[in-house]
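One structure is given below, encoded as structure tokens.
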Amino acid sequence: MPEVKIQHLDKIYDGGVQAVYDFNLDIADGEFIVLVGPSGCGKSTTLRMVAGLEDITKGRLIIDGKDCTQLPPKDRDIAMVFQNYALYGHMTVYENMAFSLTLRKEKKETIHRKVMAAAEILDLKSQLNKKPRQLSGGQRQRVAMGRAIVRNPKVFLFDEPLSNLDAKLRGSMRREILLLHKKLNATMMYVTHDQTEALTLADRIVCMSMGRVQQIGTPIELYEQPANTFVATFIGLPPMNMFEGRVQDGKFVSELFEYPLDENQRQILAPYEGREVILGVRPENITRDGQIKMQVTNNENLGMNTLVHGKVGVKNVVCKFAEWCSYKHGDEIEIGFDSAMMHFFELPVTDEKGNVSEYGKAIR
Ligand code: ADP
């Protein structure tokens with residue numbers, strides 16, 4: 001079974017930049033893992049260490065029971081799909097897909113069978129004699145995947161494969177990749193900065209920031225139970241609203257409002273009495289029957305629901321109401337929070353320069 005075990009991986013580039021700290025992950029056979037995080041968080045470096053395109057500074061990589069830490073890429077039995085496709089312009093689609101098999105000197109009939117099977121899966125049979133430049137972006141992306149499929153690798157690696165495509169095509173390619181994953185039942189590791197891709201594609205998401213894993217879990221776990229303030233605001237769009245305040249006499253007290261805590265919240269927050277905490281509320285968990293005054297700045301109708309932007313005092317707040325609303329700039333509304341869906345976090349730890357060195361841990 002092609003399981004992947006990634007153990008205590010560190011990457012320090014020449015020159016001393018540490019891009020990845022102690023990355024640990026066990027990927028099950030057939031699992032679809034998405035590495036997500038902002039630019040520079042170390043996700044491509046991690047993927048490239050798994051691929052063998054970057055040396056592993058420290059740690060171990062085991063694929064299908066075999067220690068691959070020091071193996072060259074060609075011996076790892078993985079296939080990588082890149083964002084720029086890396087297709088050969090002078091070759092036809094067929095030749096592009098056949099290329100790695102030709103290099104391996106496989107028999108002509110075997111190559112033909114594998115290429116035709118991949119073309120069938122990817123709906124490329126009518127395109128086999130074309131050159132890449134005669135194809136659309138989506139088709140080129142499929143050829144790039146075809147080149148990976150024909151090799152029947154143990155693990156597929158994807159490095160931001162959809163970021164060159166327009167929004168609509170990204171949506172349809174996302175669905176194609178999901179179908180492909182089902183059809184092939186393959187182990188996949190996929191890198192993106194796009195939280196929507198992570199939520200829609202992953203069996204499990206690995207959310208990274210500053211070279212460190214911040215949380216690993218299913219999409220719903222990361223959405224409903226973010227481990228810290230980073231994951232809380234990175235996953236979900238528009239992002240979670242965050243309010244700083246303190247716990248006092250059974251209430252959350254901020255400069256902007258006071259909010260009574262329910263029995264459950266009082267219990268959880270009892271150890272924090274008198275201390276500063278952060279309250280997080282997703283836009284869709286804001287209600288219109290509370291007592292916090294919000295000045296509307298913007299009303300965006302999305303069809304099924306409305307994003308209402310506004311200010312509570314000096315603080316920008318986004319609400320997502322499940323109705324068609326028609327507020328105008330300057331309207332005052334009264335909002336509250338769905339108490340079952342309120343999140344609390346400790347304050348982030350900052351270094352002497354004021355930069356966050358550790359995100360605020362979830363309190364639950
Ligand atoms: P991501 O894929 O999340 O955008 P990367 O893994 O590409 O992030 O980069 C992580 C960090 O490592 C960044 O600070 C980046 O500048 C640095 N880095 C990436 N590649 C190199 C390299 N070849 N040499 C030195 N530093 C690098």
Side-chain angles (χ1 to χ4, degrees), residues 4 6-25 27 32-61 63 68-70 72-73 76 78-86 141 144 148 155-165 170 173-174 177 188-202 204-217 219 222 226-237 239 348 350-351 353-359:
V4 181
I6 306 173
Q7 299 170 338
H8 303 293
L9 237 53
D10 278 349
K11 176 67 185 183
I12 303 174
Y13 280 109
D14 297 342
V17 176
Q18 181 147 8
V20 178
Y21 296 81
D22 196 28
F23 187 104
N24 287 287
L25 179 69
I27 308 177
F32 198 141
I33 291 286
V34 177
L35 260 58
V36 72
S39 175
C41 73
K43 52 196 187 298
S44 307
T45 301
T46 305
L47 194 77
R48 292 169 64 81
M49 284 195 284
V50 175
L53 302 173
E54 289 292 349
D55 289 340
I56 292 171
T57 310
K58 220 173 105 195
R60 281 216 311 169
L61 170 70
I63 299 175
C68 295
T69 316
Q70 308 285 349
R76 294 188 184 195
I78 47 120
M80 189 141 166
V81 181
F82 297 92
Q83 88 173 247
N84 57 9
Y85 322 129
Q141 188 58 64
V155 185
F156 286 83
L157 305 178
F158 295 89
D159 193 0
E160 305 248 3
L162 306 187
S163 52
N164 283 349
L165 306 177
R170 272 209 302 275
M173 286 307 290
R174 234 170 31 220
I177 290 177
M188 294 184 169
M189 203 172 169
Y190 185 108
V191 159
T192 180
H193 61 274
D194 179 346
Q195 60 93 37
T196 309
E197 272 176 33
L199 287 173
T200 51
L201 288 172
R204 279 190 303 156
I205 297 174
V206 179
C207 186
M208 294 181 74
S209 174
M210 304 191 297
R212 294 176 203 273
V213 171
Q214 302 297 331
Q215 189 172 6
I216 301 176
L222 267 70
N228 60 35
T229 47
F230 176 80
V231 180
T233 49
F234 190 80
I235 301 285
L237 203 66
T350 48
D351 62 18
K353 286 187 209 129
N355 299 319
V356 171
S357 56
E358 214 179 294
Y359 296 105

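Whatever order the structure lists ligands and atoms in, that order sets their numbers, starting from 1.
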- [ ] Can you sort out which atoms of ligand 1 are near P38, meaning under 4.0 Å from one of its heavy atoms?
- [x] 3 (O)
Open item on the list: For ligand 1 and Y13, I'd like to know whether there is a polar contact (N/O to N/O, distance under 3.5 Å).
Closed with: yes
Task: D10 side-chain N/O to D22 backbone N/O, donor-acceptor pair under 3.5 Å - done: yes
Task: Numbered atoms and elements of ligand 1 in range of A19, under 4.0 angstrom, heavy atoms - done: 10 (C), 11 (C), 12 (O)
Task: Note, V36 side chain near K43 side chain (heavy atom, < 4.5 Å) - done: no
- [ ] Return yes when at least one protein heavy atom is under 4.0 Å from atom 15 (C) of ligand 1, and no when none is.
- [x] no
Open item on the list: Just to check, does G15 reach to within less than 4.0 Å of ligand 1 when the distance is taken from its heavy atoms?
Closed with: no
- [ ] Give a yes/no verdict on whether any heavy atom in C41 is under 4.0 Å from an atom of ligand 1.
- [x] yes
TODO: Give a yes or no on whether atom 3 (O) of ligand 1 lies under 4.0 Å from any heavy atom of the protein.
DONE: yes
TODO: Using a strict 4.0 Å cut-off to heavy atoms of T45, name the atoms of ligand 1 that fall inside it.
DONE: 5 (P), 6 (O), 9 (O), 10 (C)
Open item on the list: Taking distance alone, with N or O pairs closer than 3.5 Å, would you say G42 contacts ligand 1?
Closed with: yes
Task: D55 vs K11 side-chain heavy atoms within contact, under 4.5 Å - done: yes
Task: Interatomic distance, S209 atom OG to F234 atom CZ [nearest 0.5 angstrom] - done: 8.5 Å
Task: CD (E358) with more than 12 external heavy atoms under 6.0 Å - done: no
Open item on the list: Just to confirm my output: which protein heavy-atom neighbour is closest to atom 7 (O) of ligand 1, and how far is it?
Closed with: S44 CB, 3.9 Å
Task: Atom indices of ligand 1, in the order listed, that fall short of 4.0 Å to a heavy atom of G40 - done: 1 (P), 3 (O), 4 (O), 8 (O), 10 (C), 11 (C), 13 (C)
Open item on the list: Is any side-chain heavy atom of L162 closer than 4.5 Å to one of I177?
Closed with: yes
Open item on the list: Within the 4.5 Å heavy-atom criterion, are Y13 and T45 side-chain neighbours or not?
Closed with: yes
TODO: Give yes if a backbone or side-chain nitrogen or oxygen of E54 is under 3.5 Å from a nitrogen or oxygen of ligand 1, and no if not.
DONE: no
Task: Heavy-atom check, side chain of V50 versus side chain of I6, under 4.5 Å - done: yes
